[in-house]
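Each remark here refers to the structure printed beneath this line.
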Amino acid sequence: MLKEALLWEKAMGNAVYCRLCMRKCLIDEGHLGWCQTRVNKEGALYTLTYGQVASMTISPIEKKPMYHFFPGSIWLTLGGVGCNFKCHGCQSWDVSHCDVKKKLPQTNYMSPETVVKKAKKNGCKGIVFTYNEPTMWFEYTLDVFKKAKEEGLSTCYVTNGYMTPQALDMISEYLDGFCVSIKGAFIESYTRISDISDINTIFSNTSDAKRKHAIHVEIITSIIPGYNSNEKESKEICAWIFAELGKDTPLHLTRFFPYGDFKDVAPTPAGLLDNLYKVAKREGIYYVYVGNIPGHNASHTYCQNCKKMVIKRKEYDEIEAILREGHCPHCNALIFGRFAF
Ligand SMILES: [Zn+2]
């Protein structure tokens with residue numbers, strides 16, 4: 001289904017500038033943007049993937065991972081096709097980097113109304129876009145979120161943060177949660193991991209999401225040995241979180257498993273994650289988690305004040321809420337986040 005895109009402007013002749021993500025593609029008539037999800041047809045920009053759902057599950061918010069955002073709730077989780085990054089170790093390469101024109105038959109169209117109905121029927125807290133980069137089908141996510149809000153549902157993006165500030169402004173009115181994958185602190189790391197060399201907007205968007213738009217933000221960094229795994233880089237990420245987002249912003253350090261072009265990279269050693277966990281705690285970040293290692297002590301939430309456990313996470317993302325009305329039951333400190341208990 002061809003639908004006129006948002007966020008583009010006319011260039012010379014019949015060319016257009018896409019203003020959706022920081023690639024800001026200049027697209028000639030008859031051509032696609034870098035992400036292959038947008039086409040210039042007779043001097044106007046159209047999205048090729050509106051409503052074309054490639055994957056859908058009903059799963060706990062802990063899977064995203066979001067640990068301070070309605071813990072224990074289930075969400076209708078949707079992904080489409082395409083990406084504006086080219087991460088060499090991408091775990092969802094088949095949907096992120098397929099040839100959109102050829103692969104579209106593998107998707108199913110779902111209208112925003114159908115998505116919202118399905119979420120409500122299944123008792124979901126809300127709708128989250130993940131698997132591929134949500135901004136790839138920005139217009140659709142916006143329409144789904146508008147409908148979701150009318151029905152009292154919550155909303156969330158799992159994103160690389162590479163949208164333009166204009167795109168963030170537009171979606172922010174309808175967005176409750178923003179789980180941002182931060183690949184590293186330095187341009188060199190982003191270039192090696194994701195072929196991206198302009199990263200400032202990722203950091204400023206994340207900060208704006210929290211500070212300007214009052215969206216709940218959590219940070220995830222997949223620790224890839226030899227790429228973003230040294231202490232200096234972790235310290236830099238923590239210093240940025242501390243200064244720009246606040247020390248109460250949850251940070252997830254997750255284990256990387258070999259995949260794609262990075263299939264020769266070893267899985268992240270548990271000892272390395274333990275060490276970077278300690279680095280982050282020393283830097284003053286309140287809630288640091290180690291992900292993709294089931295049963296790890298750092299998968300639980302601990303009170304920043306008395307250090308006692310306030311949310312216990314079991315297998316299969318089941319949780320045991322120890323905190324009460326968002327406070328530590330031991331010392332009454334406020335635990336940052338949005339809680340239903
Ligand atoms: Zn406490």
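Atoms within a ligand are numbered from 1 in the order they appear, just like the ligands themselves.
Around the Zn ion (ligand 1), protein N, O or S atoms at less than 2.8 Å comprise C303 SG, C306 SG, C328 SG, C331 SG.
Applying the salt bridge (charged side-chain N to carboxylate O under 4.0 Å, His left out) rule to E62 yields no partners; only residues at least two apart in sequence or on another chain are considered.
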request  = Before giving the answer on side-chain contact (heavy atoms from CB on, under 4.5 Å), spell out for L32 and L48 the whole-Å C-alpha distance, their side-chain angles and the decisive distance to 0.1 Å.
outcome  = CA-CA 10 Å; L32 299 164; L48 291 163; 3.4 Å; yes
Please determine whether side-chain contact (heavy atoms from CB on, under 4.5 Å) holds for the pair H88 and D195, giving the CA-CA distance in whole Å, both sets of side-chain angles, and the decisive distance to 0.1 Å.
CA-CA 8 Å; H88 298 292; D195 269 350; 3.7 Å; yes
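Exactly one of F85, Y190, Y157, W34 qualifies for a ring-ring contact (aromatic ring centres under 6.0 Å, His included) with Y162. That residue is F85.
Side chain of T159 to main chain of G161: a donor-acceptor pair is present (N/O by atom type, distance under 3.5 Å, no hydrogens or angles). A donor-acceptor pair under 3.5 Å links the side-chain atoms of N122 to the main chain of K118, judged by distance alone.
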